[in-house]
**Student:** 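My questions all concern the structure below.
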Amino acid sequence: MSNKPTLGEFIIENEKQFKYTSGELSRLINSIRLASKIVNHEVKKAGLVDIIGATGDVNIQGEEQQKLDIYANEVFKKSLINRDIICGFASEEEENYIKIEGNNHNNKYVLLIDPLDGSSNIDVNVSVGTIFSIYRRTTPLGSKVKTEDFLQKGNKQVAAGYIVYGTSTMLVYTTGFGVNGFTLNPSLGTFYLSHPNIKFPTSGNIMSVNHCNFPYFQEGVKSYIKHFQTQKKESPNVFRYIGSFVSDFHRNMLKGGIYMYPKTIQNPKGKLRLMYECNPLAFIAEQAGGKAINGSLRILDIDPQSLHERTPMFCGSAEMVDMVKEFIVSSEEIH
Ligand code: AHM
Ligand code: MG
């Protein structure tokens, strides 16, 4: 038995950080914790699909077996809606947000989620993740939620976190008082505090970027990558790209590095979604002493225009993010 606090204990203990708390946020994070265990169970079985029957098979109830990302979406949605603790739900998997009118009309939080990010990695037994972001609604309590409750700047987030389904499963989150990481003990089904107060190293030697897109990046980004490749350092610089944002982000936060999904000629807003992927990881990055920008602006200061909007993303160790920004800004001055 571990003597480290469990996630459940930690949530209760840290409720005191919030003045006048009603326990609503704690209940919300607790529900995410429970849903993540169910999703974890399915993700860990994904490799068995080829042995026990491929996706698309009909299950015992005569329903078609769902793809794992759709399944994860349903699990998070149902657990949060059934427990009646949020007033609005938006997901990368759904076109529109859902208004929740439970028994308790006074719920004050909305949740945005990417239920299973890095989904191209599921079929090949490589780490994937869930990302979530929580805001306090801005419209009056008791009324139906509106678009403006969701379209808030990232700097208004109350909490954000992710679950990485890796060799171990970890839940990492912040409520604005630093970042803490919990590892799931699979035999007990309990998350334990394994990484208290995580801090991004100020610099590092890892770069995560899809290098195939290099020819289509803006000049400043190209120059930064070339500079990184030839930089002389004690430990050599390396490229490490899983293609699961959560996993790449998580490794870089622990070891020191930068993740980049810049704009390209074909995709002038990049690929990643501001509300479901970039804002929550930017909040965590900053809480851990790192930085996150879109090339010039702080991600958390972007005024969102639509639920599914995309943004270029550069995040990680503070000195590395500052440096790529310098390269971008100075190249734009020349051109
Ligand atoms: P997804 O939400 O469809 O899974 O896409 C997001 C993922 C990120 O996890 C990852 O960093 C990126 O897309 C990889 O994209 P690419 O294959 O273009 O490099
Ligand atoms: Mg995604």
Side-chain angles (χ1 to χ4, degrees), residues 92 114 117-124 126-129 131 162 164 200-274 276-282 284-285 290-299 302 308-335:
E92 200 188 277
D114 182 354
D117 182 62
S119 45
S120 65
N121 280 322
I122 297 170
D123 295 345
V124 289
V126 172
S127 302
V128 286
I131 313 172
Y162 62 80
V164 56
F200 251 106
T202 50
S203 190
N205 68 332
I206 301 173
M207 177 181 284
S208 310
V209 66
N210 183 340
H211 207 275
C212 260
N213 293 335
F214 184 90
Y216 315 107
F217 291 154
Q218 65 206 109
E219 284 312 314
V221 176
K222 287 182 180 174
S223 316
Y224 175 64
I225 294 176
K226 285 184 196 151
H227 164 80
F228 181 83
Q229 285 174 307
T230 50
Q231 217 176 6
K232 294 271 173 288
K233 281 181 168 177
E234 258 173 52
S235 54
N237 284 341
V238 290
F239 282 124
R240 291 284 180 271
Y241 191 64
I242 298 171
S244 282
F245 187 17
V246 171
S247 312
D248 281 312
F249 177 91
H250 183 72
R251 182 205 49 240
N252 293 353
M253 182 163 69
L254 297 183
K255 293 193 159 188
I258 185 167
Y259 173 97
M260 314 200 294
Y261 211 108
K263 64 179 179 185
T264 57
I265 295 164
Q266 304 90 325
N267 297 309
K269 295 209 90 185
K271 175 183 184 189
L272 299 179
R273 317 272 182 149
L274 175 63
Y276 306 106
E277 293 162 333
C278 299
N279 269 338
L281 292 188
I284 295 173
K291 290 193 175 177
I293 60 168
N294 68 357
S296 51
L297 287 178
R298 186 178 169 226
I299 290 285
I302 297 174
H308 294 281
E309 83 181 63
R310 297 173 195 269
T311 176
M313 175 73 158
F314 302 81
C315 69
S317 293
E319 286 177 10
M320 299 174 86
V321 176
D322 286 342
M323 190 176 282
V324 71
K325 184 174 172 183
E326 255 174 62
F327 272 90
I328 293 172
V329 171
S330 54
S331 123
E332 272 164 13
E333 278 163 7
I334 298 165
H335 291 94

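Everything numeric in this text was worked out from a predicted model, so none of it was measured. These numbers come from the heavy atoms of this one structure, side chains and all, not from hydrogens, waters or symmetry mates.
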**Student:** Taking all non-hydrogen atoms of both residues, which atom of Pro262 and which atom of Val209 are closest, and how far apart?
**Tutor:** CD-CG2, 4.2 Å

**Student:** Shortest non-hydrogen contact from Ser247 to Val128?
**Tutor:** OG-N, 4.4 Å

**Student:** What's the spacing between Ile302 CD1 and Asn279 CG if we round to 0.5 Å?
**Tutor:** 7.0 Å

**Student:** Considering residues, nucleotides and ligands other than Tyr216, do more than 12 of their heavy atoms fall under 6.0 Å from its OH?
**Tutor:** no

**Student:** Using every non-hydrogen atom in the two residues, find where Lys291 and Val321 come nearest and quote the distance to one decimal.
**Tutor:** O-CG2, 3.6 Å

**Student:** Taking the side chain from Asn267 and the backbone from Lys269, do they hold a donor-acceptor pair closer than 3.5 Å?
**Tutor:** no

**Student:** Measure the shortest side-chain to side-chain distance between Asn213 and Tyr261 over non-hydrogen atoms and say whether it is less than 4.5 angstrom.
**Tutor:** yes

**Student:** Name all residues meeting the salt bridge (charged side-chain N to carboxylate O under 4.0 Å, His left out) criterion together with Lys226; count only those two or more places apart in sequence or in a different chain, and write none if there are none.
**Tutor:** none

**Student:** Do Asn294 and Ser296 have side-chain heavy atoms sitting under 4.5 Å apart?
**Tutor:** yes

**Student:** Applying side chain to side chain donor-acceptor pair (under 3.5 Å) to Arg273 and Thr311, what does each step give before you reach the verdict?
**Tutor:** CA-CA 6 Å; Arg273 317 272 182 149; Thr311 176; over 6 Å; no

**Student:** Determine whether Arg310 and Leu274 make a side-chain contact, defined as any pair of heavy atoms from C-beta on separated by less than 4.5 Å.
**Tutor:** no

**Student:** Evaluate side-chain contact (heavy atoms from CB on, under 4.5 Å) for Tyr162 paired with Leu281, printing each intermediate quantity in order.
**Tutor:** CA-CA 8 Å; Tyr162 62 80; Leu281 292 188; 3.5 Å; yes

**Student:** How about Phe249 and Ile284: do any of their side-chain heavy atoms sit closer than 4.5 Å?
**Tutor:** yes

**Student:** Report the distance from atom OG1 of Thr230 to atom CD1 of Ile225, rounding to the nearest 0.5 Å.
**Tutor:** 12.0 Å

**Student:** Tell me which donor-acceptor pairs under 3.5 Å the side chains of residues 313-320 have, and how far apart each pair is, sequence neighbours excluded?
**Tutor:**
unit_1 : atom_1 : unit_2 : atom_2 : d
Ser317 : OG     : Pro201 : O      : 2.8
Ser317 : OG     : Gly257 : N      : 3.1

**Student:** Under 3.5 Å, sequence neighbours excluded: what are the donor-acceptor pairs made by side chains of residues 237-244?
**Tutor:**
unit_1 : atom_1 : unit_2 : atom_2 : d
Asn237 : OD1    : Lys233 : NZ     : 3.0
Asn237 : ND2    : Phe228 : O      : 2.9
Asn237 : ND2    : Gln231 : OE1    : 2.9
Ser244 : OG     : Asn121 : ND2    : 2.8
Ser244 : OG     : Ser127 : O      : 2.6

**Student:** So, taking the atom named OH in Tyr259 and the one named CZ in Arg251, what distance separates them when rounded to the nearest 0.5 Å?
**Tutor:** 10.5 Å

**Student:** Could you check if a side-chain atom of Thr264 sits within less than 4.5 angstrom of a side-chain atom of Phe217, using non-hydrogen atoms only?
**Tutor:** yes

**Student:** Between Glu92 and Glu277, does the side-chain contact (heavy atoms from CB on, under 4.5 Å) criterion hold? Intermediate values first, please.
**Tutor:** CA-CA 9 Å; Glu92 200 188 277; Glu277 293 162 333; 3.0 Å; yes

**Student:** Classify the angle between the aromatic ring planes of Phe327 and His227 as parallel (below 30°), tilted (30 to 60°) or perpendicular (above 60°).
**Tutor:** tilted

**Student:** Are Ile258 and Ser208 close enough, and set up right, to give a side-chain contact (heavy atoms from CB on, under 4.5 Å), and what steps lead you there?
**Tutor:** CA-CA 6 Å; Ile258 185 167; Ser208 310; over 6 Å; no

**Student:** Taking atom OG of Ser223 and atom CD of Gln218, what is their separation to the nearest 0.5 Å?
**Tutor:** 9.5 Å

**Student:** Evaluate the criterion side-chain contact (heavy atoms from CB on, under 4.5 Å) for residue pair Tyr224 and Met260; output intermediate values, then yes/no.
**Tutor:** CA-CA 11 Å; Tyr224 175 64; Met260 314 200 294; 4.0 Å; yes

**Student:** Give the minimum heavy-atom separation between Ile293 and Arg298, together with the two atoms involved.
**Tutor:** CG2-CA, 4.2 Å

**Student:** Looking at every heavy atom in both Gly220 and Ser331, which two are closest together, and how far apart are they?
**Tutor:** N-OG, 3.2 Å

